[in-house]
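Because the structure is a prediction, the values reported are computed rather than measured. In what follows, every chain begins at residue 1, and chains take the letters A, B, ... in the order their sequences are listed.
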Amino acid sequence: MALDKNFDAASAEAKWRVVWEEEGAFKAGANASREETFCIMIPPPNVTGVLHMGHAFNNTLQDILTRWHRMRGFDTLWQPGTDHAGIATQMVVERRLAEAGEPGRRDLGRDAFLDKVWEWKAQSGGTIIQQLKSLGSSCDYSREAFTMSGAPNAPEGNEGNFHDAVIRVFVEMYNKGLIYRGKRLVNWDPHFETAISDLEVENKEVAGHMWHFKYPLAGGETYTYVEKDADGNITLEEERDYISIATTRPETMLGDGAVAVSPKDERYAPIVGKLCEIPVGPKEHRRLIPIITDEYPDPDFGSGAVKITGAHDFNDYQVAKRGNIPMYSLMDTKGAMRADGEPYAEEADTAQAIANGEQDFSEAMIAAMNLVPDEYRGLDRFAARDKVVADITAEGNAVMIANPKADEDGAPATIPYVENKPIMQPFGDRSKVVIEPMLTDQWFVDTDKIVGPAIDAVRNGDTQILPERDAKVYFHWLENIEPWCISRQLWWGHQIPVWYGIAVSDEDAERVGIPPSSGEFQAFCAPTFKEARVIAEKYYGCKVAEAEGDDWKWEFSQEDESKDVMTLFRDPDVLDTWFSSGLWPIGTLGWPEETEALKKYFPTDVLITGFDIIFFWVARMMMMQLAVVDQKPFHTVYVHALVRDEKGKKMSKSLGNVLDPLELIEEFGADAVRFTLTAMAAMGRDLKLSTQRIAGYRNFGTKLWNATRFAEMNDAVGIDVSKEGSAQYTVNKWIIGEVGRTRIAVDSALEQYRFNDAANVLYAFVWGTVCDWYVELCKPLLQGDDAAAKAETQKVLSWVIDQCLILMHPIMPFITEELWDATSDNRAKRLVHTDWPTYGDELIDAAADAEMNWVVSLIESIRSVRSEMGVNAGAKLPLLLLGLDEAAQGAFDRNRVMIERLARLDGVSTVAEAPKGAVTIPVQGGQVCLPLADVIDVAAETARLSKAIDKLDKEIKQTSGKLNNPKFVANAPEEVVNENREGLAAAQAERDKLMGALERVEAL
RNA sequence: GGGUGAUUAGCUCAGUUGGUAGAGCGCUUCGUUUACACCGAAGAUGUCAGGAGUUCGAGUCUCUUAUCACCCACCA
């Protein structure tokens, strides 16, 4: 079958996608010829996501490694699947419901809403997998996994045990005390009304204000406020009846528990221990808070006094815990000021008692207290802020400063002190709203207890992170790790397997063997309610049932104690998505079952991922796998760059600079996109992509196609070559050696994850060596009269093309498979399964190499002279040989037909002396001349020669300078010294020849 | 505030243990010679950010300055 002139990427890709899958080419273990396994876990994309450039890049690299290993006979598994992506997916479904005008999440209720999510998953969940296929990813799709598979509410088609694995891990970790529940200050997303982890918060600098307010001292007390400069001179001394505090968040004032100053701050020493009043709300509602000392306030910042709002600020939280300061929650789940219950108005003596530390509220009581006065209730936090500022200012409790515009008409002499300053503000990475620190009950992984093995594994080399600098990032994060908040107040996810009833006593918990309650409820943790009930029944000594709603109750039977029933309610929260994806390696292989796949492929080999999820995912997988099965999940983590646009900007929809990989695949073909990404995969921080570059590599595919077409036209394809390296002709010996070198270079690059090196080696070999030289050199042999030469060249060319296809296949699978198929009817296997070669140095023939170098450099020199002398490209010139030594003469004779053709020569003769007007060209072992008497331009030739001589002079000066330096000769390795000596001799010889040529030209 | 990285041809970037600077694109000139114009041939272009040091020798190692980027972080 004859190849078309052009490669039709789209139809070839469509065809091979189907064939490969139908033939099971990608199944685990396909083409395995050895025991060793190779397993890659795909970083699971969001189930409702679409393929973006980052995925394309990431999966191209994974596919290269997978295909390479599969061809090498490894028992290979590339495990695919998707992630349920809690927040992201719930957000999408809620938005779709809203757009469709359907009832929202709250109206639907939990079960009905989850049905909607599953529907959406069924509808869009296959998209990204299909897109991976169009990229050519050779995953074992029959094993596609999903992090929510096997969930109790999963519809048909989502069987599997991932859910079981997640729940089981939770239970085990809970029982080992690695997971606990507690009231902590967490990052709260008021849009999604859920807690999120530190990592899901993006701190951004925004323009903010810092207000300065007076907190009046209780009972109208006064003190002398003294400020001194660095030398101790008094710069300000005045009587004050207030303490000045600075804040960027006035709306949290209602929840203040104290004002803190530095213990070293002499200005406030007189009033430490006294009380001051929070100047917000109706007078009868105001609270007094103590002035305390703490190391946290910086005397040089603001006024040196900090209001402490333990429930709404992470620093204040620490201060409040240290100082036993009450923490009052002011806001609801939407970030509005609380409106629940009765507003709590404190009696003056109660305030005093609290301030004195004499009144001790329980945490629960404090949480229930609503300190928000009527006029603030229900206000959004930002509206509340405005109102607080306005109210305080109106009442005269703002600190006033001189008005810089006091001169202007009607301007007041003083104005409230408000600093405009940039402040760092936390935003939810999904919702983009300002995150609110909130004091809530959440589940945490006690990361301190499981982080050790994850650090050790990388430190002692069990798992290697590449490039190494990313290991530093990994260490830094893990060594400073915070407890991991894993509960989310969402519905889409793995519901926490914990049921609650009223707490009876710690002794009962101990008796039953469960962790004691941390509050008014006792938790029973088990994979199913059935199992939880068993524990609970022991604990209560009565029957236990599951509540319909979210409240517990204890039903007493009057006559028969054995009919008492305790009703438990289930924790409504779900687990952080990263908790489940942290179990991806073992979960996809069937853990906790002892599956064949698990035994065979775990620990897996390489994880390929972007640096943006080192913390989110890589670190968590390390911790979780080590905690659960006590084994590292993979031996190598290859961290790749982020794909950016050609200007280096991060691709984002809002910037409109997104390159859609699917569109690119359509325009240039998947192979071109893959090759581009591979060629740019140097271990760096980012990767800039331009369509021009993709077009360049599309052309490369076409080049390969046409080289194969040339071979086909010359009956040089699909020839069965049983043994490599058997050739008589120099050019064939030489190219066989080049193939050997290329295979070594490609393997070595891939072994070191130097994908770009592999791509560049192949590009240079296929285009630069095979197409530019070997194919051209073949032509006179294939089209000449020497039957033996022709036959051998056909065989070798066929073999060379096959090797190109094999070596290129991991990067450009489609075009190579197509050519492999089209060029022979007798292939033993598909290319995707063809054995990767192991030949190498033994194919190199040093003599052939040297000879071809001589030939190539002769051709290049002649071409160069022709071009510079303005010889018509089509014209054929005679060539004169001058004083060639035996080796040079032999090389010339053996390759004469090729030289004549490539240098466009007509007739060769040997002369004793260069004729007048001939351009001489120095070659190793002699000179050659082109008689250009008619066309030679004396000035141009003089210039050419002078320039070449200048260049040589420079080189000679440099090299001889080095060689004349005794220290160089003494210290440099012998090799380097010899290189320089040889270089100098060669340069001098060439210079002599050129000088001779110059003299002759000048004589014209 | 801490950390990491970057600074090499007009552009985008390679450059693995120090040994005479590379690629792609772009540019210039020539050429349709039956694989390929998504092509071929020939060419031009760099104080390797600045400074200092180690060394026989530095784009590469050390220090330093400048600019940029990213990550982490609680300054009210």
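Here A:Arg698 lies in heavy-atom contact (under 4.0 Å) with a base. Counting non-hydrogen atoms under 4.0 angstrom, A:Arg904 reaches a base of the nucleic acid. Counting non-hydrogen atoms under 4.0 angstrom, A:Gly304 reaches a base of the nucleic acid. Here A:Thr702 lies in heavy-atom contact (under 4.0 Å) with a base. Within 4.0 Å of A:Phe301, counting heavy atoms only, lies at least one base atom of the nucleic acid.
Here A:Arg469 does not reach the OP1 or OP2 of B:rU4: none of its side-chain N or O atoms lies under 4.0 Å away. When the side-chain nitrogen and oxygen atoms of A:Ser303 are compared with OP1 and OP2 of B:rA76, none of them lie within a distance under 4.0 Å. The side chain of A:Lys421 places no N or O atom within less than 4.0 Å of a non-bridging phosphate oxygen (OP1 or OP2) of B:rC75.
Among the nucleotides B:rA73, B:rA76, B:rC71, the one closest to the side chain of A:Phe615 is B:rC71. Looking at the side chain of A:Lys5, the nearest of the listed nucleotides B:rC38, B:rC36, B:rG5 is B:rC36. When distances are taken from the side chain of A:Asn706 to each of B:rA42, B:rA76, B:rC36, the shortest belongs to B:rC36. Taking the side chain of A:Asn315 as heavy atoms from C-beta on, and the options B:rC74, B:rU16, B:rG40, the nearest nucleotide is B:rC74. Side chain of A:Lys472, nearest nucleotide from B:rA76, B:rU16, B:rU4: B:rU4. In this structure, of B:rG15, B:rA42, B:rA76, it is B:rG15 that holds the atom nearest to the side chain of A:Arg754. Residue A:Met424 has its side chain nearest to B:rC75 when only B:rG43, B:rC75, B:rU16 are considered. Of the listed nucleotides (B:rU4, B:rA73, B:rA76), B:rA76 has the atom at the smallest distance from the side chain of A:Tyr296. Of all nucleotides listed (B:rA76, B:rA35, B:rG43), B:rA35 comes nearest to the side chain of A:Phe710.
In this structure, A:Met253 and A:Thr309 have side chains that are not in contact, with every pair of non-hydrogen atoms separated by 4.5 Å or more.
Nucleotides of RNA chain B nearest to A:Phe7 and A:Val201 differ in position, and the one nearer the 5' end is that of A:Phe7. Comparing A:Trp773 and A:Asp300 by the nucleotide of RNA chain B whose heavy atom lies nearest to each, the residue mapping closer to the 5' end is A:Trp773.
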Distance-only check: which donor-acceptor pairs under 3.5 Å involve side-chain atoms of residues 763-778 of chain A, not counting sequence neighbours?
residue: A:Tyr774; atom: OH; partner: A:Asn732; partner atom: OD1; Å: 2.6
residue: A:Glu776; atom: OE1; partner: A:Lys779; partner atom: NZ; Å: 3.3
residue: A:Glu776; atom: OE2; partner: A:Lys779; partner atom: NZ; Å: 3.1

query: When you check every protein heavy atom under 4.0 Å of nucleotides 18-32 of chain B, what one-letter string (B, S, -) results, 5' to 3'?
result: -BB----SS----S-

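With both ends at atom P, the span from B:rA73 to B:rA66 equals 27 Å, rounded to whole Å. Between B:rC11 and B:rG46, the distance separating the two P atoms is 13 Å to the nearest Å. For B:rG51 and B:rA58, the C1' atoms lie 15 Å apart once the distance is rounded to whole Å. Straight-line distance between the P atoms of B:rA44 and B:rA49: roughly 24 Å, to the nearest whole Å. For B:rA42 and B:rG5, the P atoms lie 41 Å apart once the distance is rounded to whole Å. With P as the reference atom, B:rG43 and B:rU55 are 41 Å apart, rounded to whole Å. Separation of the P atoms belonging to B:rA35 and B:rG50 is 49 Å when rounded to the nearest angstrom. For the P atom pair drawn from B:rG15 and B:rG31, the interatomic distance equals 40 Å after rounding to whole Å.
Atom C1' of nucleotide B:rA73 and atom CD of A:Glu202 are separated by 15 Å, given to the nearest angstrom. Rounded to whole Å, the distance from OH on A:Tyr417 to P on B:rA76 is 13 Å. Distance CG (A:Asp470) to C1' (B:rA6): 15 Å, rounded to an integer number of Å. The CG atom of A:Asp715 sits 19 Å away from the P atom of B:rU34 (whole-angstrom rounding). The distance between atom CG of A:Asn756 and atom C1' of B:rA14, rounded to the nearest whole Å, is 7 Å. Atom C1' of nucleotide B:rU12 and atom CG of A:Leu677 are separated by 15 Å, given to the nearest angstrom. When rounded to the nearest whole Å, the span between CD1 of A:Ile613 and P of B:rC71 equals 15 Å. Rounded to whole angstrom, the span from the CD atom of A:Glu482 across to the P atom of B:rA73 amounts to 9 Å.
The number of heavy atoms from other shown groups lying within 6.0 Å of CD (A:Glu974) does not exceed 12. More than 12 heavy atoms of other residues, nucleotides or ligands lie within 6.0 Å of NE2 in A:His212, so this atom counts as buried by the packing criterion. Crowding of A:Glu975 atom CD: a count of heavy atoms from other residues, nucleotides or ligands under 6.0 Å not exceeding 12. Other residues, nucleotides and ligands contribute only 12 or fewer heavy atoms inside 6.0 Å of the CD atom of A:Glu468.
For B:rA35, its base sits under 3.5 Å from the side chain of A:Glu776 at one donor and acceptor pair at least.
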query: For RNA chain B, what string of dots and brackets results from 5' to 3' when Watson-Crick and G-U pairs need both distances under 3.5 Å, crossing pairs get [ ], and pairs with another strand get |?
result: (((((((..((((.....[..)))).(((((.......))))).....(((((..]....))))))))))))....

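Ring pair A:Tyr697/A:Phe700 is perpendicular by interplanar angle, where above 60° counts as perpendicular and below 30° as parallel.
The closest side-chain donor-acceptor pair between A:Gln752 and A:Ser748 falls under 3.5 angstrom. Side-chain contact check for A:Ser197 and A:Glu200: at least one donor-acceptor pair (N or O, by modelled atom type) lies under 3.5 Å. Defined by atom type and a distance below 3.5 Å, a donor-acceptor pair is present between the side-chain atoms of A:Lys307 and A:Thr252.
Salt-bridge check for A:Lys962 with A:Glu979: failed, with every basic side-chain N at 4.0 Å or more from each acidic carboxylate O. The pair A:Arg322-A:Asp294 counts as a salt bridge, with a side-chain nitrogen and a carboxylate oxygen less than 4.0 angstrom apart.
Between A:Leu478 and the options A:Val458, A:Val451, A:Thr447, a side-chain contact (heavy atoms from CB on, under 4.5 Å) holds for only A:Val451.
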